[in-house]
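Chain identifiers are assigned alphabetically (A, B, ...) following the order of the sequence lines, protein sequences preceding nucleic acid strands; residue numbering begins at 1 within each chain.
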Protein chains: 2
Amino acid sequence: MVAMTTAARKTTNPETGRDRILREAAELFLTRGYAETSLRTIADAVDMQPASIYHHFESKDALLTEILEIGMEAVTTAFAAAAAELPPNASAPDRLHAHVAAHLEALFSHHAFTAAHVTVFPFAPAEVRAATVPKRDAYEANWTALLSAIAPGLDDDGVSIARLALFGAMNSTVQWFDPANGSTSDLAAAIVGPLWNGLANS
Amino acid sequence: MVAMTTAARKTTNPETGRDRILREAAELFLTRGYAETSLRTIADAVDMQPASIYHHFESKDALLTEILEIGMEAVTTAFAAAAAELPPNASAPDRLHAHVAAHLEALFSHHAFTAAHVTVFPFAPAEVRAATVPKRDAYEANWTALLSAIAPGLDDDGVSIARLALFGAMNSTVQWFDPANGSTSDLAAAIVGPLWNGLANS
DNA sequence: GACACTACCGAACGATCGTTAGGTTGGCAA
DNA sequence: TTGCCAACCTAACGATCGTTCGGTAGTGTC
């Protein structure tokens, strides 16, 4: 009886125990918060005992660190892929749209992992944040370069504010946009359009 | 010696015990998170014993509920005040700027109370969120009305997306803008300018 | 000068937390 | 067939959590 559950899980779910923990934990952290989610809750979600999680992860903090790293890798990869797919002579608004769409697509396809950066990261333990900060900085640098290239009229402060405001706008979508109601590309267009041309022309 | 501390606090700090708890708790919730902040930490910050907090508040949840209500009242009042101060024939971008500036000013002057809505609210206990939702909805309705008035070219979905993206942009400022580096009115101009005229013209 | 009341304190409660120690099992390698 | 190892288990640890109970010191009232 005890033996059956393991075998049954193996056949019905190809996801390994480790990946399942990562995914379920990411979703729980996202919806309930890090401190609000106990290891016993995570264990319940993956049909395990709390102690079993320690076979795969060193600690609860290490679990969160890995989740945040997966999320940051997803958006970083998406940014690079969008840049690679753009024609060399793409217009400024096209480039902006492509990268916004890529960010949003990553945000919703690796939803829990990337969205965790928006809501979980600020309250993560200091050591966890410190471990993830370099990768976050690198990703932000991509956007700083993009925005100064396509809006040469902005000075450094203007670029910073534009980037941060755009991040704020994009990342807040995880709290209100439902992918069932439209593509992330359309959502990107709905954000980039007014932003590029101005509300004055909408 | 024990008696002195009470007298000394009374004279050096005009803030009552209750208000002090509210303010310190709001700041701690904001910087550390709700679940991450224990009542013992709050008690330490106000030089009290944990049990004493229960003389002023029914529970930790009730304390957070009151903090969120103070914050929502601040932005609601600021919105109404901005509307009242505007000349009847103010231009659309002027109206937008005035309300963005009012929101940002409230965000930073009642910093911890209003900012708590951005970062603490999503993970607050369900009962706490339910108690605050009506006032949040009412505030959002103000913005929906404003945006549809000044950007008549947008349909309902467009207004919603514009409002949510603008909220995302404004509220994210609590995580990166330092009021020491400039006025909230300038910050509002830096956000509204590109948004209204478009990045294309920046 | 007795009384009530506000504002606090000291000590403790049961519950829950992250974590650890020490098994057990099922499948693969030799 | 034996031995090994990854993947789990049961049980419990000490720490910390929100909360409660029963006080006490100071202040104003009659």
| Nearest-Å distance, CZ (Phe57(A)) to C1' (dT19(C))? | 16 Å
| If only side-chain N and O atoms of His56(A) are considered, is one of them under 4.0 Å from the OP1 or OP2 phosphate oxygen of dC8(D)? | yes
| request: Using a heavy-atom cut-off of under 4.0 Å over every strand shown, decide if Thr37(A) touches base, sugar-phosphate, or nothing. | output: sugar-phosphate
| query | For dC8(C), does either OP1 or OP2 sit under 4.0 Å from a side-chain N or O belonging to His55(B)? | reply | no
| Heavy-atom pair with the smallest gap, counting every atom of Ile67(B) and Ala26(B) | CD1-N, 3.6 Å
| request: Find the distance Ile53(B):CD1 to dG10(C):P and express it as a whole number of Å. | output: 14 Å
| When the distance from CG of Leu39(A) to C1' of dT16(C) is rounded to whole Å, what number comes out? | 12 Å
| said: Pair Thr144(A), Arg163(A) - check side chain to side chain donor-acceptor pair (under 3.5 Å), show working. | reply: CA-CA 7 Å; Thr144(A) 300; Arg163(A) 174 176 60 78; 3.0 Å; yes
| field | Euclidean distance, atom CG of residue Asp47(B) to atom C1' of dA7(C) [Å, nearest integer] | value | 15 Å
| query | Under 3.5 Å, is there a donor-acceptor pair linking the side chains of His117(B) and Tyr139(B)? | reply | no
| request: Taking only the side-chain heavy atoms of Met48(A) (C-beta and beyond), determine which of dC9(D), dT19(C), dC8(C) contains the nearest atom. | output: dC9(D)
| message | If you assign Glu58(A) and Glu36(A) each to the DNA chain C nucleotide with the nearest heavy atom, which residue ends up on the more 5' nucleotide? | response | Glu36(A)
| note | Ala51(A) has its side chain closest, among dA11(D), dA11(C), dT19(C), to dA11(D)
| task | Take atom CZ of Arg32(B) and atom P of dC17(D), then tell me their distance rounded to the nearest Å. | result | 10 Å
| task | For Tyr54(A) and dT19(C), give me the distance from atom OH to atom P, rounded to whole Å. | result | 3 Å
| request: May I ask you to decide whether Arg136(B) forms a salt bridge with Glu69(B), counting only side-chain N to carboxylate O separations under 4.0 Å? | output: no
| note | To the nearest angstrom, the CD1-C1' distance between Ile42(A) and dT19(C) comes to 13 Å
| request: For dG10(C), take OP1 and OP2 only and decide whether either is under 4.0 Å from a side-chain N or O of Gln49(B). | output: yes
| field | Minimum-distance nucleotide to Ser38(A) side chain [options: dT19(D), dG18(C), dT20(C)] | value | dG18(C)
| said: Under 4.0 Å, heavy atoms only, any strand: does Ser52(B) hit a base, just the sugar-phosphate, or nothing? | reply: base
| remark: Heavy atoms of Ala43(A) and Ile53(A) approach each other most closely as N-CD1, 3.9 Å
| Among dG18(D), dG18(C), dA7(D), the one nearest Arg40(A) by side-chain distance | dG18(C)
| Distance, rounded to the nearest Å, where Ile21(B) contributes CD1 and dT6(C) contributes P | 16 Å
